[in-house]
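Below: one structure, written as structure tokens.
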Amino acid sequence: MKSPSSLQKRLGLGLTLGMTLLWLGATVGAWLVVQHELNEAFDSALEETAQRILPLAVLEISNREEPREAQHIATLKTHKEYLTYLVRDAKGEILMKSHDANPKIFNKQPTEGFSTTGKYRLYGASALRGTLFIEIAEPLNHRREAAREALFALLLPLLALIPISLLGTWLFVRISLRSVLAYRRAVEARGVGDLSPINVARLPAEINPLAGAVNHLLERLRKALEAERSFTANSAHELRTPLAATLAQIQRLRHETPEGPLRVRAAKIENSLRELARLSEKLMQLAKAEGGGLLSEAPQDLIPLLAHVVDEWNHSSRQRIELQLPRQASVYSAIDPDAFGVLLRNLIENALKYGAADQPVEVSLSDQALLQVVNGGPTVPAPVLQRLTERFVRGNSEASGSGLGLAIAKTIVQGVGASLTLASPAPGRTQGFEVRVQFQLALDDHGDKIDG
Ligand SMILES: Nc1ncnc2c1ncn2[C@@H]1O[C@H](COP(=O)(O)OP(=O)(O)O)[C@@H](O)[C@H]1O
Ligand SMILES: [Mg+2]
């Protein structure tokens with residue numbers, strides 16, 4: 001798939017390119033007009049000069065004793081001439097010329113009006129009924145330089161405009177897309193726990209309908225999830241009573257049957273029923289955890305909650321759990337006490353069930369609200385480890401189970417904004433399994449840690 005191109009880049013390049021082309025077009029147009037006007041101004045100056053000199057030349061030549069002799073006009077001061085001129089008769093004989101005038105640059109025969117040669121612009125005029133001609137020459141490079149400079153002056157701003165336009169579009173698009181970015185963040189922040197409609201102020205009109213559609217979708221998703229959850233919770237709840245009743249019946253049956261194969265079968269059925277009861281209990285825990293409400297209103301001290309659960313388990317597991325508490329008196333976090341109990345029971349149950357029976361289970365809580373549950377036992381391969389928190393995923397163990405314990409733990413952890421990490425082998429060991437849960441420390445009104 002082609003990677004999506006950036007709107008910012010496309011608009012920046014497109015607008016700058018368009019502006020540059022338009023500017024170039026306008027420059028060419030303006031330059032043609034300027035060149036035309038310049039030529040007109042230069043031509044009119046040339047014509048004016050010829051018309052001024054001609055009567056003087058006529059006067060001078062007719063006053064001469066020997067008019068047929070070419071004459072240089074004496075200069076008052078040596079200088080380089082810009083305009084040069086030639087006065088000739090109808091046959092082309094030179095009667096008078098300016099001191100720098102080079103006859104080669106003029107037309108062979110005197111002509112009237114404007115004409116252009118390779119390097120000069122010429123203007124000719126006549127007097128005395130076509131017997132005297134004046135021709136005046138102006139070098140073209142002066143005009144060309146003026147035209148060139150006009151062109152540069154028009155092109156120069158473009159050098160500054162290109163980067164300014166690129167930067168301007170980039171910035172403008174960035175600012176305009178701010179609300180879209182905020183919207184994206186809001187969408188990303190939504191999860192199973194939060195499917196509330198997304199409201200972002202001042203979305204562009206093009207995006208707004210999309211936002212409406214997304215909210216609609218979120219609403220449908222929320223309803224579907226709610227239906228699924230309540231179905232699971234209700235089913236598990238409805239199963240509870242008949243399961244308990246059947247279990248009691250089968251227990252009585254087992255006691256009443258004499259020793260023999262029938263009793264073994266009754267015991268097997270009893271076991272299966274217990275497992276079924278455990279599964280329905282886990283399903284209920286999961287449904288409850290996914291329903292939200294995992295955060296407590298007031299921060300809870302985790303230490304007594306932890307001590308209580310560990311105590312409970314130690315009674316039934318012959319003191320296999322070693323508890324390590326922080327030196328500080330209390331560690332506060334905003335988690336519902338029941339949810340914390342469910343989380344902890346699932347983790348400890350796993351550690352006792354899958355950990356090496358001859359090694360203790362280490363449960364510890366740090367003053368930074370980091371909970372660790374460590375047990376011995378064989379290492380779990382990384383690919384398996386990664387998937388253990390998914391529902392109904394189990395490692396390759398003989399022990400019975402549903403594959404829901406870690407999924408429940410993960411749901412609770414996510415619901416309270418904590419983080420869960422599994423490691424195998426346990427850090428600092430060659431074997432074993434470690435579960436870490438980093439809770440968020442509750443802060444008091446001043447943003448400081450709450451100390452007990
Ligand atoms: N403390 C542990 N030590 C070793 N393996 C574990 C531990 N906790 C969980 N596991 C592995 O993760 C799998 C999933 O655990 P869980 O979700 O609680 O489901 P269940 O316990 O019902 O199998 C277990 O089957 C086991 O293979
Ligand atoms: Mg389990």
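Indexing begins at 1, ligand by ligand and atom by atom, following the structure's order. Small disclaimer: the values here were computed from a predicted structure and weren't measured.
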Worksheet item: Hey, is L406 touching ligand 1 through its side chain, its backbone, both or neither, going by heavy atoms under 4.0 Å?
Response: both
Fill in: Option among Q414, R229, E226 that satisfies the side chain to side chain contact (heavy atoms under 4.5 Å, CB included) test with E290
R229
Discussion item. Considering non-hydrogen atoms of the protein only, which is the closest contact for atom 2 (C) of ligand 1, and what is the distance?
Written reply: F433 CD2, 3.2 Å
Discussion item. Check this for me: does any side-chain nitrogen of one of R222 and E219 sit under 4.0 Å from a carboxylate oxygen of the other?
Written reply: yes
Practice prompt. Would you kindly specify which portion of L404 sits under 4.0 Å from ligand 1, judged on non-hydrogen atoms: side chain, backbone, both or neither?
Written response: backbone
Practice prompt. State if G403 counts as touching ligand 1 under the rule of any non-hydrogen atom under 4.0 Å.
Written response: yes
Worksheet item: Would a line drawn from the ring center of Y120 to the ring center of F106 be shorter than 6.0 Å?
Response: no
Discussion item. For a quick check under 3.5 Å, do N346 and Q285 share a side-chain donor-acceptor pair by atom type?
Written reply: yes
Response to the item:
The atoms of ligand 1 lying under 4.0 Å from a heavy atom of L388, numbered in the order shown, are 11 (C), 12 (O), 13 (C)
Item to complete: Please identify which atoms of ligand 1 are closer than 4.0 Å to at least one heavy atom of G405.
Response: 16 (P), 17 (O), 18 (O), 19 (O)
Discussion item. Go through it in stages, so that I can follow the logic: the residues are Y82 and E138, the test is side-chain hydrogen bond (donor to acceptor under 3.5 Å, both in side chains), and I'd like the CA-CA distance, side-chain angles, deciding distance and then a yes or no.
Written reply: CA-CA 7 Å; Y82 171 56; E138 182 205 344; 2.7 Å; yes
Worksheet item: Any idea which protein heavy atom is nearest atom 23 (O) of ligand 1, and the distance to it?
Response: R394 NE, 2.5 Å
Worksheet item: At the 4.0 Å heavy-atom cut-off, does V393 count as touching ligand 1?
Response: yes
Practice prompt. Could you pull out all residues at least two apart from F172 that satisfy ring pair (Phe, Tyr, Trp, His ring centres under 6.0 Å)?
Written response: none
Discussion item. With a cutoff of 4.0 Å, is S402 in contact with ligand 1, counting heavy atoms of the residue only?
Written reply: yes
Worksheet item: Cut-off 3.5 Å, side chains only: do R10 and S5 have a donor facing an acceptor?
Response: yes
Item to complete: Report yes or no: does N350 have an N/O/S atom closer than 2.8 Å to the Mg ion (ligand 2)?
Response: yes
Worksheet, complete the sentence: Residue, atom and distance of the protein heavy atom nearest atom 25 (O) of ligand 1 read G395 N, 3.1 Å
Worksheet item: Short list, please: which atoms of ligand 1 are under 4.0 Å from a heavy atom of A351?
Response: 1 (N)
Worksheet item: So which heavy atom in the protein is nearest atom 10 (N) of ligand 1, and how far is it from that ligand atom?
Response: Y354 CD1, 3.8 Å
Fill in: Partner set under salt bridge (charged side-chain N to carboxylate O under 4.0 Å, His left out) for E322, not counting sequence neighbours
none
Fill in: G401: numbered ligand 1 atoms lying under 4.0 Å from its heavy atoms
22 (O)
Worksheet item: Between N375 and ligand 1, does any nitrogen or oxygen pair lie at a separation below 3.5 Å?
Response: yes
Worksheet entry | Carboxylate-amine/guanidinium contact D367 R327, below 4.0 Å | no
Discussion item. If you take the nearest heavy atom of each of N350, L385, V380, L352, which one is closest to atom 8 (N) of ligand 1?
Written reply: N350
Worksheet item: Does the side chain of R320 come under 3.5 Å of the side chain of N314 through a donor N or O and an acceptor N or O?
Response: no
